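Input: a single structure, listed below in structure tokens.
Keep in mind that what you see is a predicted model, and the values were worked out from it rather than measured.
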Amino acid sequence: MPTDRRSFLFAAGAAALAASLPARADSLADIRKRGSLRVAVYNSFPPYSNQGKGIDVDLAEALGKQLGLAVQVVGYNADEDMDDDLRNMVWKGHYLGAQPSDVMMHVPVDSYLQGKNDKVQIFGPYHLESIAVARVQRINPIRGSAAAALEIFTREKIGVEGRTLADGFLLGALNGRLRENVVHFASVAAAIDKLKAGELAAVMGTRSEIEAALGKDARFVVEAVQMPELKFNHWPLGMAVKADEAALADALSAALKELQKDGTVAALFARHGITYQPPTL
């Protein structure tokens with residue numbers, strides 16, 4: 001997931017402004033009257049969304065076209081966790097005054113997350129994200145038990161984005177024996193840069209981010225992480241709207257199904273050089 005962090009410097013004037021602004025997403029009827037759909041994406045999160053480009057941006061525009069609506073893509077910085085992001089982007093808005101959008105992209109379709117966030121509706125899985133490893137050719141495949149697959153990293157360096165699922169897994173694996181060889185970076189892309197420079201033997205992270213950063217560099221192998229110790233190694237990505245916007249969720253779901261059926265979704269992932277994994281829900 002994105003790991004941008006803010007400083008939490010509160011200002012009384014900003015809080016008063018946020019309280020005075022309406023905090024709701026528009027109904028489907030209002031959206032159609034307006035003629036445009038406001039879509040929330042993460043800032044600085046390639047290959048999904050970065051400087052107005054990416055998979056989530058392209059998919060949002062395709063959904064808008066399917067619904068006969070113009071699309072206004074709005075970038076938000078990631079907060080401390082997904083609960084905060086759903087609040088800022090979907091149902092309330094940011095305390096500094098940024099308004100929520102009609103729909104948020106890149107939301108894990110997860111019953112636990114939904115249960116904690118009753119002010120939103122999570123739906124529309126469009127891709128199955130997964131944990132993967134990019135490695136140099138000389139390293140054996142990363143599969144089987146953690147003890148067999150990861151023992152090499154008691155001697156070799158492996159890079160990871162800090163404060164992520166992959167980071168937590170590596171730090172706890174083999175009773176902490178890998179800790180000295182787990183190198184932390186601000187992003188998957190930064191870790192991949194060091195892999196390309198020969199300073200790491202492997203990088204673990206989300207497959208999409210790894211593939212985007214590696215490009216077509218044939219020196220490295222990208223493979224799924226398949227270890228029984230890593231229980232949560234894949235998850236469907238979908239969308240979220242305000243809880244009472246069932247009509248909007250239904251319309252977006254129907255539009256997404258058409259785009260999946262006609263190959264549009266697979267094609268836009270391919271255009272960005274990312275392996276498309278259809279969700280299995």
Distance-only side-chain donor-acceptor flag, Glu129 / Ser208, under 3.5 Å: yes

For the student: nearest non-hydrogen atoms of Asp81 and Asp84, plus distance: OD1-N, 2.9 Å

Residue pairs passing the salt bridge (Lys or Arg N to Asp or Glu O under 4.0 Å) test where at least one lies in residues 177-201, sequence neighbours excluded: Lys194-Glu199

Between Asp58 and His272: side-chain donor-acceptor atoms closer than 3.5 Å: yes

Asp167: partners by side-chain hydrogen bond (donor to acceptor under 3.5 Å, both in side chains), with sequence neighbours left out: His184

Pairwise distance CG(Asn181) to OG1(Thr154) - rounded to 0.5 angstrom: 7.0 Å

Candidate pair Tyr42 and Met105, rule side chain to side chain contact (heavy atoms under 4.5 Å, CB included), full reasoning: CA-CA 8 Å; Tyr42 285 108; Met105 307 297 292; over 6 Å; no

Those residues that, when tested against Gln277, pass side-chain hydrogen bond (donor to acceptor under 3.5 Å, both in side chains) (two or more places apart): Ser130

Between Glu209 and Thr206, a side-chain donor and acceptor under 3.5 Å: yes

Counterpart residues, ring pair (Phe, Tyr, Trp, His ring centres under 6.0 Å), relative to Phe232 (two or more places apart): Trp235

Aromatic contact, His106 with Phe45 (centres under 6.0 Å): yes

Phe220: ring pair (Phe, Tyr, Trp, His ring centres under 6.0 Å) partners, not counting sequence neighbours: none

Distance-only donor-acceptor check, side chains Glu245 and Ser27, under 3.5 Å: no

Worked check of side chain to side chain contact (heavy atoms under 4.5 Å, CB included) between Val120 and Ile122: CA-CA 6 Å; Val120 303; Ile122 300 172; 4.1 Å; yes

For Tyr126, side-chain hydrogen bond (donor to acceptor under 3.5 Å, both in side chains) partners two or more places apart: Asp56

Lys119 NZ/CZ over Trp91 ring centroid, <6.0 Å and within 45° of normal: yes

